[in-house]
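Right, one structure below, let's go through it.
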Amino acid sequence: MFDPVEKLKEFIRFPSVSTDSNHKEGMRGAREFVAGILKGMGLEVEIVPTVLHPIILAERRGEPSWPHVIIYGHYDVQPADPLNLWTSPAFEPTIRGNRIYGRGAADNKGPLLCNIAAVARLLERHPKLPLKITFLIEGEEEMGSPSFPAFLQAHKDRLKKADFVYLSDTALPNENQVVLTCGLRGLALFDLHVTGPKNDLHSGLHGGVLRNPIQALAELCATLHHPDGRVNVPGFYDDVLEVQPWERDELRKLGANEKDYAAFLGIDSFYTPSGYSPFEAIRFLPTLEFNGIGGGYQGEGTKTVIPSKAFAKISCRLGR
């Protein structure tokens, strides 16, 4: 049995940022690292090519009568930027107290490795366990899984007969309380680009005579929410189900405290639509969030130009 903590450190050191083409080697290293562990456990491992990042399929086959479990995970991580805000290097795992800090430690390398280690220990103790197990580990989860639908369609015969699908890419109310999550909000992603003049212009010569793309973008973005936080897009809530009284009651039973949650996030108050607690909003309501915005000069000091282009990266969490 391998040491899960040391393996997790090794796993974190791979900068497996799926959305950034500069991290191809990090993606390859993380993929080969996981595949190597699964092969060492005696599983049959296949690296399935996709248009972008391959998917790892590792199988423990058995008798047709055995139940079949699929364990899902992903080996890619979010970009670590801005790097200067990290207390320790993003891809150099650091233990402080009883926690490991590093990009991917919580999402999803730590949970994935826990699952792998649990199965390794289980099979070590019960080598004749009558259970078929499939690990399905993708490399594009953090960029919206664009290759996943085609993969599922192509391999549906191998996957559709599973009795149970398990994943651990979810959240817990607190470090002492385990919950089972039965449903999550979906995701839609898009970039918004605003173009003005054909090239950057000198603000002294041209300022005040044309619409600055950054100003136009900011004004547009400011129209996408009502003052109470609701999304101001026609039809956005048309098919969203209202939160039922019994659902509110079940959330209260978790005992989550808004004051403690705000302190954990480092904020003074929540900004949720009227009539919804933050715990209801993050589980049931759709959102429209600005994930990144840019345009013009980004370096040190000043550069007095009117930029030709500006952009915003937007994601929408889809209500149930």
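Positions are given from 1, in the same order as the sequence printed here. The figures that follow rest on heavy atoms only: side chains count, while hydrogens, waters and symmetry mates do not.
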Give a yes or no on whether [X] and [Y] share a hydrophobic cluster (residues Ile, Leu, Val, Met, Phe, Trp, Tyr; joining criterion: side-chain heavy atoms under 4.5 Å apart).
{"X": "F279", "Y": "F284", "answer": "no"}
{"X": "I116", "Y": "V5", "answer": "yes"}
{"X": "L131", "Y": "L123", "answer": "yes"}
{"X": "V17", "Y": "L52", "answer": "no"}
{"X": "M143", "Y": "I137", "answer": "no"}

[X] side chain to [Y] backbone, donor-acceptor under 3.5 Å:
{"X": "D200", "Y": "V305", "value": "no"}
{"X": "W86", "Y": "D81", "value": "no"}
{"X": "E247", "Y": "Q244", "value": "yes"}
{"X": "K109", "Y": "F11", "value": "yes"}
{"X": "T272", "Y": "Y276", "value": "yes"}
{"X": "T94", "Y": "E92", "value": "yes"}
{"X": "R317", "Y": "L288", "value": "no"}
{"X": "Y166", "Y": "N115", "value": "no"}
{"X": "H226", "Y": "D228", "value": "no"}
{"X": "N291", "Y": "S315", "value": "yes"}

Are any non-hydrogen side-chain atoms of [X] and [Y] less than 4.5 angstrom apart?
{"X": "I55", "Y": "T50", "answer": "yes"}
{"X": "L136", "Y": "L57", "answer": "yes"}
{"X": "Y101", "Y": "T87", "answer": "no"}
{"X": "P197", "Y": "L210", "answer": "yes"}
{"X": "L159", "Y": "L152", "answer": "yes"}
{"X": "T304", "Y": "Y297", "answer": "no"}
{"X": "H53", "Y": "S147", "answer": "no"}
{"X": "D163", "Y": "V69", "answer": "no"}

May I ask you to check whether over 12 heavy atoms, not counting those of [X], lie within 6.0 Å of atom [atom1]?
{"X": "D249", "atom1": "CG", "answer": "yes"}
{"X": "D239", "atom1": "CG", "answer": "no"}
{"X": "R125", "atom1": "CZ", "answer": "no"}

Heavy-atom closest contact ([X] atom, [Y] atom, distance):
{"X": "A90", "Y": "I12", "result": "O-CG2, 4.2 Å"}
{"X": "D76", "Y": "S18", "result": "OD2-OG, 2.7 Å"}
{"X": "K9", "Y": "P93", "result": "O-CG, 3.3 Å"}
{"X": "L38", "Y": "A58", "result": "CD1-CB, 3.6 Å"}
{"X": "N108", "Y": "S168", "result": "ND2-O, 3.8 Å"}
{"X": "F14", "Y": "G26", "result": "CB-O, 3.7 Å"}

Mind checking the [atom1]-[atom2] spacing from [X] to [Y]? Nearest 0.5 Å is all I need.
{"X": "E46", "Y": "I56", "atom1": "CD", "atom2": "CD1", "result": "11.5 Å"}
{"X": "L187", "Y": "S145", "atom1": "CG", "atom2": "OG", "result": "9.0 Å"}
{"X": "R99", "Y": "I95", "atom1": "CZ", "atom2": "CD1", "result": "12.5 Å"}
{"X": "R211", "Y": "I306", "atom1": "CZ", "atom2": "CD1", "result": "13.0 Å"}
{"X": "F164", "Y": "I133", "atom1": "CZ", "atom2": "CD1", "result": "12.5 Å"}
{"X": "L192", "Y": "C221", "atom1": "CG", "atom2": "SG", "result": "6.0 Å"}

Q: Report the C-alpha separation of T134 and H68 in whole Å, then their side-chain angles, then the decisive distance to 0.1 Å, and conclude whether the side chain to side chain donor-acceptor pair (under 3.5 Å) test is met.
A: CA-CA 8 Å; T134 298; H68 181 197; 2.7 Å; yes
Q) How are the rings of F290 and H225 set relative to one another: parallel (under 30°), tilted (30 to 60°) or perpendicular (over 60°)? A) perpendicular
Q) Parallel, tilted or perpendicular: which describes the rings of F264 and Y261, with under 30° parallel and over 60° perpendicular? A) parallel
Q: Quick one: do E59 and R158 satisfy salt bridge (charged side-chain N to carboxylate O under 4.0 Å, His left out)? Show the steps, please.
A: CA-CA 10 Å; E59 296 178 297; R158 297 171 64 177; 2.9 Å; yes
Q: Begin with the C-alpha distance, continue with both residues' side-chain angles, and end with the deciding distance and a verdict on side chain to side chain contact (heavy atoms under 4.5 Å, CB included) for E141 and F148.
A: CA-CA 9 Å; E141 195 274 346; F148 208 44; over 6 Å; no
Between [X] and [Y]: side-chain donor-acceptor atoms closer than 3.5 Å:
{"X": "Y75", "Y": "E138", "value": "no"}
{"X": "R248", "Y": "S277", "value": "no"}
{"X": "E142", "Y": "T19", "value": "no"}

**Q.** cation_pi(R230, Y237) dist<6.0 Å, angle<=45
**A.** yes
**Q.** E10 vs R13, salt bridge (charged side-chain N to carboxylate O under 4.0 Å, His left out): CA-CA, chis, key distance, verdict
**A.** CA-CA 5 Å; E10 189 176 348; R13 290 189 179 101; over 6 Å; no
Q) E250 and K253: salt bridge (charged side-chain N to carboxylate O under 4.0 Å, His left out), yes or no, with the steps? A) CA-CA 5 Å; E250 288 298 315; K253 290 179 183 178; 3.0 Å; yes
